[in-house]
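We use all heavy atoms of the structure for the numbers below, so side chains are in, but hydrogens, waters and symmetry mates are not. Here, residue 1 is the first one in the sequence, and each next residue gets the next number. Just follow the structure's listing: the first ligand is 1, and inside any ligand the first atom is 1.
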Amino acid sequence: MTDSSSLPASARAVVVGAGIVGNSLAYHLARLGWRDLVLIDKGPLPNPGGSTGHASNFIFPVDHSKEMTQLTADSVRQYKEWGVFTESGGIEVARTEERMQELQRRMSSAKAWGIEGCEIITPARVKELVPYIEESVIVGGFYTQGVGIVDSLRFGTIAREKAQELGALQVFANTEVLGIDVAGGRVTGIRTTKGDVATDTIVVCCGVWAPKVARMAGASIPLTPAVHQMIDVGPVPHFKDTKGVIEFPIVRDMDTNMYERQDGSGLEVGSYAHRAILHDPEDIPSNEEAALSPTELPFTQEDFEKQMEDALELIPEVLNDESVGIKYAINGLLSLTPDGLPLLGETPEVKGLWSAAAVWVKEGPGVGKAMAEWMTHGESEIDLQSSDVARFYECQKSRANIRARAAEGFNKTYGIVHPTEQWESNRGVRLSPYYEREKALGAVFYEAAAWERPHWYASNEKLLEEFGDRINRREAEWESRWWSPIINAEHLAMRERAAMFDLTAFCIFDVIGPGALECVQTVSMRQMDVGHGKVVYTPVLSPSGTFKSDLTVMRLSDEHFRVVTGGAHGMADLKWYADHAPEGTTVIDLTSGWTTLGLWGPRSRDILASLTREDVSHAGFPFGTCRTIELDSLSVLASRISYVGELGWELYVPMEQGAKLWDMVWEAGQPHGIAPAGIGVYGTTGRLEKCYRAFGFELDADFTVVEAGMTPPKVKGADFIGKEAHLKHRDSDPVAILCTLTVDDHTSKSGQKRYMLGREPILARDGSRLVDSHGRGSYVTSAGAGPSIGKHILMAYLPPENASVGEELLVEYLGEQYPVTVQTNDATGVFDPENTRVRA
Ligand SMILES: Cc1cc2nc3c(=O)[nH]c(=O)nc-3n(C[C@H](O)[C@H](O)[C@H](O)COP(=O)(O)OP(=O)(O)OC[C@H]3O[C@@H](n4cnc5c(N)ncnc54)[C@H](O)[C@@H]3O)c2cc1C
């Protein structure tokens, strides 16, 4: 099928970029019924010169992220369907014991996400599978049968042809986008070297150029082009009888950040070990200027020398052979983002401008399908919440932040990355008004949405002695990393007396105007037409009745609602509300304007009462209400809710008054034994003892409100997104049930006690996977200590037949299985099940 000759005057949507992503997306839009589609690329077809054209094209299906694993699995399915996938098997080899533990962790992820054909193998077995490897330098490997390579260019061609056959797509190669027209915050058209097209939908599938194209519309796609070096050597005598393109498993030499993969008679050797070499999209040469292709920059030999030595150690038979020469060597360009995840969805700056960037070949078709669904139905089958391009705050989109994080993340491509691992670069960007006080108290800061947030306080070490045996210590280094027993001591201090929490990282926004009620009613599942001063915790549903978010809304007046949500996902929530705000109603971000101090524990009322003349008794200030009260000289919006299961309040003041608020609460709290407490208590121990669900952990687009055990007694009359689906879910039995389990015995085979961190598979007592009738395997959604109950707590969705209190199961952690028991199969807390403390 040939290219179309001249651009149409208008199009239903324009997809820019004919790499793996743009081609896949154009096809899936066509499949879902979109017509008058235009696909544009500045380069020639089928290889326009983007990253897809020089990818090594291999796919390892196992990832610790559920979202990435699902996208990859769906991509593999599509590649197979169109006959462009060759299975080769793949081995991630370990040179260290630490890596072997990591490979066990990968084994757990494989089980959690249902990837079959994985096993831990010995060096001898690696040698059997890859005879040209030097097995003495490795201690073992993680074999995945389903690893393979794809023909991503061929896939793209088929995708375009199929969309054209449907009569849905016109394709324009050698056509460069020069500008994007925007009016009233919406896309209106696109300007190219071959003419202009009027359209209200543009998808930027431009890989490393995506930031440049987004800037044409005044939007941001925060990624940086970065070099990944790859050489191709050959002909390799060992491969002389090879018929196809690959016969031996691909090897990932994880500890040296490298891979070696057969390519016909050659061997490709790639590296993520060199220094981070970052570029700006504007500096990438044009197709005409580039010696090879624009994304194949001249090879910088000096960056590969150490890597070559490492590769020589593992593959001496091939690389030491003087007859084997370097056929091809490039500084290939790919996209890196500030948090290592893709950038998908409509940009928050410009309506109708969508991003599908920072996507690998291994996820391309899956992303194409999911994005097309999102653009068509407002949601996708695979939850894309971690990849939402709307997730960033302005400061996170700065060039300096993107480059700092990309540089730090690059060498971790094959790294052993701890689940709670912290970034080192570009810290100290957002400081709460309590920051200096916290630093003086020895706060250990974790980053949340660029805020520095105390996770625990060294000054609370003294509490360890006070609580003695009730504080659990961790023996293994892995679980002790990014953790302290002080968290548990702070927890007990809160449960016995009171604790104060820095919650400045909350994302806060107001919905104001004549359509404010309509907006919050439409987006929120719970009844929002409540009295002034009511605080409502509510799920936010997708059209199919799964979780898009969960948050609290305060009604401050008739036409004024204040939404408080988690920092990490706050910007995406804000966009969702703003998208549904009727004309004349505004959504205003107050995150940097207001700070929140949490005060909880049985003594919190005494503390608050000592600062105010207001009635803060249970009758005078009931649970689930908020109002402005005077605390000494400050006017404070106090909200009586709790995420830790205690009596207490969230106290909100304008940012500049935060330090004063902290000092007042701190001083008033001293006679009551108040402790500063970190997010270790707020987000994990306090929450888990109460079985409170968290977005991104228990709550995501894979599960319904009913399955999460959060079915409200009745459904409000007003319409809301997801209502129809929710009504259906209420009428049928849940396919999985969210349960809380505790670990019965932590003793590993070595005698050391081990503590799960989350995302591990839950198994039947015979070791078999638990899978519900929708094919979802059971895994630990959250894990953490429950210091008041003296047990390690896990949450997991279980098939109904396993979701009975007392059911005995197993959790697999780092290659060993530990007995666990179901404690609750609904939202009842394992601590204070009657909720007497919250309602004291
Ligand atoms: C050496 C190397 C090896 C790799 N190996 C693998 C691998 O084994 N497995 C894997 O999963 N991933 C691999 N990758 C990553 C992978 O190549 C990329 O992530 C992927 O190809 C990106 O696809 P894309 O469609 O987003 O971008 P691209 O393929 O870069 O496509 C973007 C397109 O946008 C077009 N464009 C840009 N600006 C404009 C404009 N203004 N007007 C019109 N058109 C425009 C470009 O011409 C280009 O064709 C590798 C990367 C490198 C560098």
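Residues F299 and Y328 keep their aromatic ring centres 6.0 Å or farther apart.
Looking at A55 next to ligand 1, no N or O pair under 3.5 Å apart turns up. Between V208 and ligand 1, no N or O atom pair is found at a separation short of 3.5 Å. Between A356 and ligand 1, no pair of N/O atoms sits closer than 3.5 Å. Considering backbone and side-chain atoms together, H228 places no N or O closer than 3.5 Å to any N or O of ligand 1.
Residue contacts with ligand 1 do not include N287, since none of its heavy atoms lies under 4.0 Å from the ligand. For the pair V16 and ligand 1, a heavy-atom separation below 4.0 Å is found. Heavy atoms of C205 come nearer than 4.0 angstrom to ligand 1 in at least one pair.
Applying the 4.0 Å criterion to heavy atoms of E176 picks out, from ligand 1, the atoms 41 (N), 42 (N). The G332 neighbourhood of ligand 1 comprises atoms 53 (C), with distances under 4.0 Å to a heavy atom of that residue. The contact set between ligand 1 and K362, taken as ligand atoms under 4.0 Å from a residue heavy atom, comprises 10 (C), 11 (O). For ligand 1 and G19, the ligand atoms under 4.0 Å from any heavy atom of the residue are 25 (O), 29 (O), 31 (O). Ligand 1 places these atoms under 4.0 Å from at least one heavy atom of T175: 43 (C).
Partners of F60 according to the ring-ring contact (aromatic ring centres under 6.0 Å, His included) rule, which considers only residues two or more places apart in sequence or in another chain, are F58. A search for side chain to side chain donor-acceptor pair (under 3.5 Å) contacts involving Y414 returns R252, not counting sequence neighbours.
Contacts between N57 and ligand 1, counted as non-hydrogen atom pairs separated by less than 4.0 Å, involve the backbone only. Residue contacts with ligand 1 for L178 are absent, since no atom lies close enough (heavy atoms, distance under 4.0 Å). Of all the heavy atoms of W360, the ones lying under 4.0 Å from any atom of ligand 1 are found in both the backbone and the side chain.
Among V359, I330, T52, the residue whose heavy atom sits closest to atom 18 (C) of ligand 1 is V359. Of the candidates I250, D41, N331, the one placing a heavy atom closest to atom 33 (C) of ligand 1 is D41.
Protein heavy atom nearest atom 40 (C) of ligand 1, with residue, atom name and distance: V177 N, 3.7 Å.
For the 3.5 Å distance criterion, the side chains of S271 and Q229 fail to qualify, holding no donor opposite an acceptor.
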